[in-house]
Amino acid sequence: MIIAERKPIEEILSIIGDVDSVLIAGCATCVADCMAGGEREVGILASALRIAAAQRGKQLEVLEVTVERQCEREFIEKAREKVDRVTLVLSTACGVGVQAMAERFPNKPICPGVNTKFLGLREAEGVWSERCAACGDCTLHLTGGICPVARCSKSLLNGPCGGSKGGKCEVSEDVDCGWHLIVERLTALGQLDRLEVNIPPKNWAASRDGGPRKVVKKEYRDEERE
Amino acid sequence: MKSGSNLEKVLAAGHFAVTAELGPPMGCNMEPVRKKIELLRGTADAYNVTDCQTAVVRMSSIATSILLVREGLEPVMQMTCRDRNRIAIQSDILGAAGHGIHNCLCIAGDHQSFGAAGKLKGHPGAKNVYDVDSIQLVGILKQLRDDSRQQGGDALDGPVPLFIGAAWTPLGDPIQIRTTRLAKKIRAGADFIQTQAVYDIEQFAEAMRKARDKGLHERAAILAGIIVPKSAAMLTYMNKSVPGVIVPQHLIDRMQAAADRRAEGIRIATELIEQVRRIEGVRGVHIQAIEWEAAVRDVVGGAGLLPRPVV
Ligand code: SF4
Ligand code: SF4
């Protein structure tokens, strides 16, 4: 799931500036699960904005809408009527949702209300952590199902650096050493010998480094289907 | 000879090798480097020039190494994977070799958040690279040298004479992987290995035994790391906070009780050299007297390793 975190209220206030009407557009999928931008958070943010406006003696109309998935065009369409009524839209969806809205409503300022963080997992109630960096060439089978690209602070592919201590990364005592986890897991699986193979430099072209990526499935495309 | 470097020749001739560290200045002033050069001259076979250690900006390892070459000292240029992608690394290595730098130590490098952990601010907000890891970097250097080929496969106009080094933290967590890591570095092409600082001789000897069991000591020259201690506080700090460094309590007590701590630090370093020297497979020492270069001559001399051989 995509993990996001609501921007601080001061930043949101500065983003919306002195407009007189705003639509807070939430998304009921990932950002709802990580409690950053679902219907509930949209409601809370709307109240916060109304209170902030009242405190400053300003007129601000705040509308609310939450669509099923803001990253899908047909769902966004359901927000059109409200979008038309405001000066600015503050989307609490992930960056994809914000951009989908911007594409759909070219004449309307669409602003982000959350910081999109990473692809992650809910570890425990109220705790999410990064699991995948979308490198485009998954090699989890080599590392016991734990990703060194996303979970080692240096994205090392051939084992831990010399900075791991007590299972924690040299970056911070709050960060698990990804390689420590890999070694533990492979030990438990009796597969530690898998780490003896030298892994060559990764082809990052499949990652963001190759430029913006696109997936095309020809079999689903009418114009390209033979 | 792979590189013809002095370090390679000293090792090939069967001498017990000595390398020492030289940290570049935080500025563009060459004078502090020249001072360090004079303090260190003649004390080692080659001198490691660090590459923005702890992710704090300093004069580049390459530029500082060139000064060493000009002054007649042989550098071991350190190269981290943190700041450069494979294109920049190879380009820098070619330039370095062209300037007469023929030893290169391949390391991942401290993460950029590291600098902020100490007294300095560093650049914790920097974008890091880590395009390749240290083991892959060793392999890239080997390919430049042995195949005259870049990592991507393009040919070079000739081989690049390099003596390739890698680091080893034998007592680092997770410890069960440390021999494997060493083996991978050597398989990738490391000619010499410099270890993390050794204080616990017994545990280091055990790690060396595991390395010998795999015959690794015969395939690469292992140089044991010696950090010259300055105070009991420094030893306590290293024991607690530096990954892979285990300092036995008796050394801390000894330092604490000493009337002249600096003299005691030099004595401890000298004794450590004598002890690691007796461990089968240790072919030299790598001495780090962090910002205390004046100590190196006493340490190396005290261990009976002066003058350095001429090969
Ligand atoms: S290897 Fe790549 S795709 Fe697989 S989990 Fe890691 S970052 Fe994600
Ligand atoms: S301590 Fe572990 S997670 Fe952190 S950089 Fe080193 S290997 Fe990666």
Side-chain angles (χ1 to χ4, degrees), chain A residues 133 135 139 142-144 146 148-210, chain B residues 54-55 80-82 85-86 89 107-114 116-117 124 128-140 143 151-152 166-189 195-197 214 225 240-245:
Chain A
C135 78
T139 50
L142 301 175
T143 50
I146 295 168
V149 177
R151 302 189 69 187
C152 162
S153 304
K154 301 177 188 170
S155 294
L156 306 178
L157 297 183
N158 276 295
C161 73
S164 173
K165 199 169 166 67
K168 298 296 172 185
C169 174
E170 71 174 36
V171 164
S172 157
E173 290 191 354
D174 300 328
V175 178
D176 288 331
C177 167
W179 270 104
H180 190 100
L181 299 173
I182 293 169
V183 167
E184 269 187 346
R185 172 133 171 97
L186 289 177
T187 304
L189 291 173
Q191 294 180 343
L192 201 57
D193 56 338
R194 291 199 169 195
L195 295 186
E196 281 171 26
V197 181
N198 280 52
I199 296 177
K202 191 173 175 75
N203 175 13
W204 295 109
S207 169
R208 239 299 301 172
D209 301 81
Chain B
T54 68
T80 70
C81 301
R82 178 192 57 225
N85 71 2
R86 64 191 84 176
I89 286 178
I107 47 178
D110 298 318
H111 190 271
Q112 72 275 11
S113 62
F114 215 85
N128 64 32
V129 184
Y130 296 115
D131 173 20
V132 293
D133 63 31
S134 58
I135 292 177
Q136 294 161 347
L137 179 54
V138 166
I140 289 173
Q143 194 175 322
Q151 188 273 331
W168 183 35
T169 308
L171 307 182
D173 290 333
I175 194 146
Q176 63 267 47
I177 201 73
R178 293 297 159 186
T179 324
T180 303
R181 281 273 291 173
L182 177 63
K184 282 174 94 159
K185 289 185 173 187
I186 293 172
R187 191 180 312 131
T195 79
Q196 175 58 288
K214 290 194 172 190
K240 193 169 152 274
S241 304
V242 180
V245 177

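Letters go in sequence order (proteins before strands), and every chain restarts at 1. All figures in this text were calculated on a predicted structure; none of them were measured in a lab.
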Chain A contact via Arg82(B) - side chain, backbone, both or neither, heavy atoms under 4.5 Å
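Contact with chain A: none, neither part.
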So, for Arg151(A) and Ile146(A), which heavy atoms are closest and what is the spacing to 0.1 Å?
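In this case the closest contact between Arg151(A) and Ile146(A) is NH1-CG2, 3.8 Å.
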Among the options [options], pick out the one with the most heavy-atom pairs lying under 4.5 Å from chain A.
options	value
Asp133(B), Asp131(B), Thr169(B)	Asp133(B)
Asp110(B), Val129(B), Ile107(B)	Asp110(B)
Gly172(B), Pro174(B), Gly109(B), Ala183(B)	Pro174(B)
His111(B), Gln136(B), Gln196(B), Lys185(B)	Gln136(B)

Give the member of Gly162(A), Pro201(A), Gly159(A) that has the highest number of heavy-atom pairs under 4.5 Å with chain B.
Pro201(A)
From CA spacing to verdict: side chain to side chain donor-acceptor pair (under 3.5 Å), Asn198(A), Arg187(B):
CA-CA 8 Å; Asn198(A) 280 52; Arg187(B) 191 180 312 131; 2.7 Å; yes
Residues two or more places apart in sequence or in another chain: which of them pass side chain to side chain donor-acceptor pair (under 3.5 Å) with Lys165(A)?
none
Is there a side chain to side chain contact (heavy atoms under 4.5 Å, CB included) between Val149(A) and Leu157(A)? Walk through the geometry before answering.
CA-CA 7 Å; Val149(A) 177; Leu157(A) 297 183; 4.0 Å; yes
May I ask you to decide whether Lys168(A) forms a salt bridge with Asp176(A), counting only side-chain N to carboxylate O separations under 4.0 Å?
yes
Evaluate side chain to side chain contact (heavy atoms under 4.5 Å, CB included) for Cys135(A) paired with Lys202(A), printing each intermediate quantity in order.
CA-CA 10 Å; Cys135(A) 78; Lys202(A) 191 173 175 75; 3.3 Å; yes
Contacting moiety of [X], where chain B heavy atoms sit under 4.5 Å:
X	result
Pro200(A)	backbone
Thr187(A)	side chain
Lys154(A)	both

Can you list the steps and then say if Cys161(A) with Glu170(A) is a side chain to side chain contact (heavy atoms under 4.5 Å, CB included)?
CA-CA 9 Å; Cys161(A) 73; Glu170(A) 71 174 36; 4.1 Å; yes
